[in-house]
Amino acid sequence: MTRDEQLAVVREMAGRAEPDTAIARKLGVHPRTVLRIRQRNDIPSLWQQPGPQAGCGSPAQYKTRGCRCPVCVAANTTRLAAARRDRTARRDTATFKHGPNGYSNWNCRCPTCRTGAAAAAARQKAARIARGATR
């Protein structure tokens, strides 16, 4: 199959909202190849478009259905920001364990939380270096 024929199949099946895996099976290639064809020719993939089912735009769709359309991503981001603001507002009255968890989740900057967060970051960095990761 020529590249032009592959592109025609990708355009047609993408227009019907077929996933990359189905397109790859039809073409006999790896799904990553389909992704590259889409990217080279500005053909949006399913995760870049609003989901086909009703209900997009809620954090529940992001969390339970796994929808990653921009509307659901924005709704989930808003939900997480609100939850963090609520936790930070309750920090003075809540009981939480001071340490790395208090630093990252409760925005506590006491010496115990700062030291715990720094130690956790150092452990993570050492683990990355040990497994050969560059970042």
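Everything quoted here is computed from the prediction, not taken from an experiment.
Separating the NZ atom in Lys26 from the CD atom in Glu18 is a distance of 9.5 Å, to the nearest 0.5 Å. Rounded to the nearest 0.5 Å, atoms CG (Leu35) and OG1 (Thr21) are 12.0 Å apart. The distance from atom CG of Asp86 to atom CZ of Arg90, rounded to the nearest 0.5 Å, is 6.5 Å.
Judged purely by atom type and a 3.5 angstrom limit, Arg109 has no side-chain atom pairing as donor or acceptor with the backbone of Arg114. Counting only distance, with no hydrogens or angles, the side chain of Arg87 and the backbone of Asn105 share a donor-acceptor pair below 3.5 Å. A donor-acceptor pair under 3.5 Å is absent between the side-chain atoms of Thr33 and the main chain of Val29, judged by distance alone. Counting only distance, with no hydrogens or angles, the side chain of Arg91 and the backbone of Asn107 share a donor-acceptor pair below 3.5 Å. Under a 3.5 Å cut-off, the side chain of Asn41 and the backbone N or O of Ile37 do form a donor-acceptor pair. Under the 3.5 Å distance criterion, the side-chain polar atoms of Glu12 are left unmatched by any main-chain donor or acceptor of Val9.
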Quiz prompt | Candidate pair Val10 and Asp20, rule side-chain contact (heavy atoms from CB on, under 4.5 Å), full reasoning | solution = CA-CA 9 Å; Val10 170; Asp20 287 354; over 6 Å; no
Practice problem: Could you walk me through whether Arg38 and Ile23 pass the side-chain contact (heavy atoms from CB on, under 4.5 Å) test, one step at a time? | Solution: CA-CA 11 Å; Arg38 284 181 183 269; Ile23 299 170; 3.3 Å; yes
Quiz item: Which is it for Gln6 and Thr2 under the side-chain contact (heavy atoms from CB on, under 4.5 Å) test, yes or no, and what are the steps along the way?
Solution: CA-CA 6 Å; Gln6 284 183 339; Thr2 67; over 6 Å; no
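Annotation for Cys113 and Gly99: closest pair SG-N, 3.3 Å, computed over non-hydrogen atoms. Here the shortest heavy-atom pairing between Phe96 and Gly102 reads CE1-CA, 3.7 Å. Across Ile43 and Ala14, no two heavy atoms sit closer than the pair CG2-CB, 3.7 Å. Residue Pro59 comes nearest to Ala75 through the heavy atom pair CG-O, 3.8 Å, listed as atom of the first residue, atom of the second, then distance. What you find for Cys72 and Gln61 is that their closest heavy atoms are SG-CB, 3.7 Å. Residue His30 comes nearest to Ala24 through the heavy atom pair C-CB, 3.8 Å, listed as atom of the first residue, atom of the second, then distance.
With a 6.0 Å radius and a threshold of 12 heavy atoms from other residues, nucleotides or ligands, Arg3 has its CZ atom at or below the threshold.
Side-chain heavy atoms closer than 4.5 Å link hydrophobic residues (I, L, V, M, F, W, Y) into clusters, and following such links, even through other members, never connects Leu80 to Trp106.
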